[in-house]
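We count residues from 1, following the sequence as given. What you see is a predicted model, and the numbers here were worked out from it, not measured in a lab. No hydrogens, no waters, no symmetry mates; every other heavy atom, side chains included, goes into these values.
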Amino acid sequence: MIKNDFLLKQIEELIHFLLTLVYPGGHIDEEKDKTTRSALFKKLEELIDKGLYNQAEDYLFDAFDRGEADLQTGVLFYDKLLAIPEKELKAGEFSIKEIQTGLNDYAKLFHIDI
């Protein structure tokens, strides 16, 4: 459990760092609201709400390939996954480690190597 707590803290810090990169003006809440109202984010939330975490992640990366997803969307997507209890993630065949790996992989698409 301590290992997962440490990993959770690392991911939270990484998300905070990335949010300061993508929202440099300091109006994070206003900008986050715009991103979370997008059609893409609504679709990601729909999949998350159904417990289809792997499908949601695939949808995010596919949206990037189509030129429809920005860094903000990915960071907020992983932030939303991080808020899900570990037990629920496991039931949906996902893990905290996969959140970390996915976030790192997604950031690399924007030339941010963490």
Side-chain angles (χ1 to χ4, degrees):
M1 193 62 148
I2 292 173
K3 182 179 177 183
N4 281 348
D5 290 344
F6 179 73
L7 185 57
L8 282 170
K9 186 69 174 160
Q10 282 186 314
I11 298 168
E12 287 171 355
E13 289 176 7
L14 179 56
I15 287 171
H16 178 72
F17 168 74
L18 290 171
L19 286 174
T20 60
L21 282 180
V22 297
Y23 301 124
H27 302 285
I28 292 176
D29 289 336
E30 292 172 21
E31 296 299 322
K32 281 172 60 174
D33 190 47
K34 288 179 190 175
T35 301
T36 58
R37 286 190 316 237
S38 71
L40 171 58
F41 201 83
K42 294 290 185 196
K43 177 63 177 179
L44 293 170
E45 284 183 314
E46 179 184 314
L47 292 167
I48 289 170
D49 290 344
K50 292 178 181 177
L52 303 172
Y53 312 122
N54 286 304
Q55 286 180 329
E57 186 176 47
D58 291 345
Y59 193 84
L60 173 67
F61 278 83
D62 290 345
F64 172 83
D65 290 341
R66 294 188 306 268
E68 298 172 3
D70 55 16
L71 182 58
Q72 296 91 317
T73 301
V75 173
L76 293 176
F77 167 75
Y78 287 107
D79 189 41
K80 186 159 184 74
L81 286 179
L82 195 59
I84 298 169
E86 188 174 4
K87 193 173 187 176
E88 286 182 41
L89 288 172
K90 285 183 180 181
E93 299 181 8
F94 212 73
S95 70
I96 294 169
K97 182 68 177 160
E98 286 177 286
I99 293 172
Q100 180 188 40
T101 302
L103 181 59
N104 288 336
D105 290 347
Y106 195 76
K108 284 179 185 176
L109 295 174
F110 295 89
H111 310 289
I112 301 171
D113 196 12
I114 310 165

Problem - Pairing of Glu46 and Lys50 as salt bridge, 4.0 angstrom limit - result: yes
Practice task
Verify the ring-centre separation between Phe110 and Phe64: is it less than 6.0 angstrom?
Solution key: yes
Practice task
Return the orientation label for the Phe61 and Tyr106 ring planes: parallel under 30°, perpendicular over 60°, tilted otherwise.
Solution key: perpendicular
Practice task
Write down the atom of Asn54, the atom of Glu93, and the distance for their closest heavy-atom approach.
Solution key: ND2-O, 2.9 Å
Exercise for the section: Check whether any side-chain heavy atom of Glu98 sits under 4.5 Å from a side-chain heavy atom of Tyr53, and report yes or no. Expected result: no
Problem - Gln55 side chain near Tyr59 side chain, heavy-atom distance below 4.5 Å - result: no
Handout entry: Non-hydrogen side-chain atoms of Thr73 and Leu44 separated by less than 4.5 Å
Key = yes
Problem - pair Ile96-Gln100: side-chain heavy atoms closer than 4.5 Å - result: no
Problem - Straight-line distance of Leu21 CG to Gln72 CD, nearest 0.5 Å - result: 10.5 Å
Handout entry: Donor-acceptor pair between Thr101 and Asn104 side chains, under 3.5 angstrom
Key = no
Exercise for the section: Calculate, to the nearest 0.5 Å, the distance between atoms CG and CG belonging to Leu82 and Leu76 respectively. Expected result: 12.0 Å
Practice task
For residues Ile112 and Leu71, determine if any side-chain heavy atom of one lies less than 4.5 Å from a side-chain heavy atom of the other.
Solution key: yes
Problem - Option from Leu60, Ile99, Thr35, Thr36 for which side chain to side chain contact (heavy atoms under 4.5 Å, CB included) with Phe77 holds - result: Leu60
Handout entry: Asp33 side, atom CG; Arg37 side, atom CZ - distance, nearest 0.5 Å
Key = 4.0 Å
Exercise for the section: Looking only at non-hydrogen atoms, find the nearest pair between Ala63 and Leu40 and report the distance. Expected result: CB-CD1, 3.7 Å
Practice task
Taking only Lys NZ, Arg NE, NH1 and NH2, and the carboxylate oxygens of Asp or Glu, determine whether Asp5 and Lys9 approach each other closer than 4.0 Å.
Solution key: no
Problem - Student check: side-chain heavy atoms of Glu12 and His16 closer than 4.5 Å - result: no
Practice task
Could you check if a side-chain atom of Asp79 sits within less than 4.5 angstrom of a side-chain atom of Leu103, using non-hydrogen atoms only?
Solution key: no
Completion exercise
Separation between CG (Asp62) and CD (Glu57), nearest 0.5 Å, reads 10.5 Å
Handout entry: Reported CD-to-CG distance for the pair Glu86 and Leu8, which is rounded to 0.5 angstrom
Key = 7.0 Å
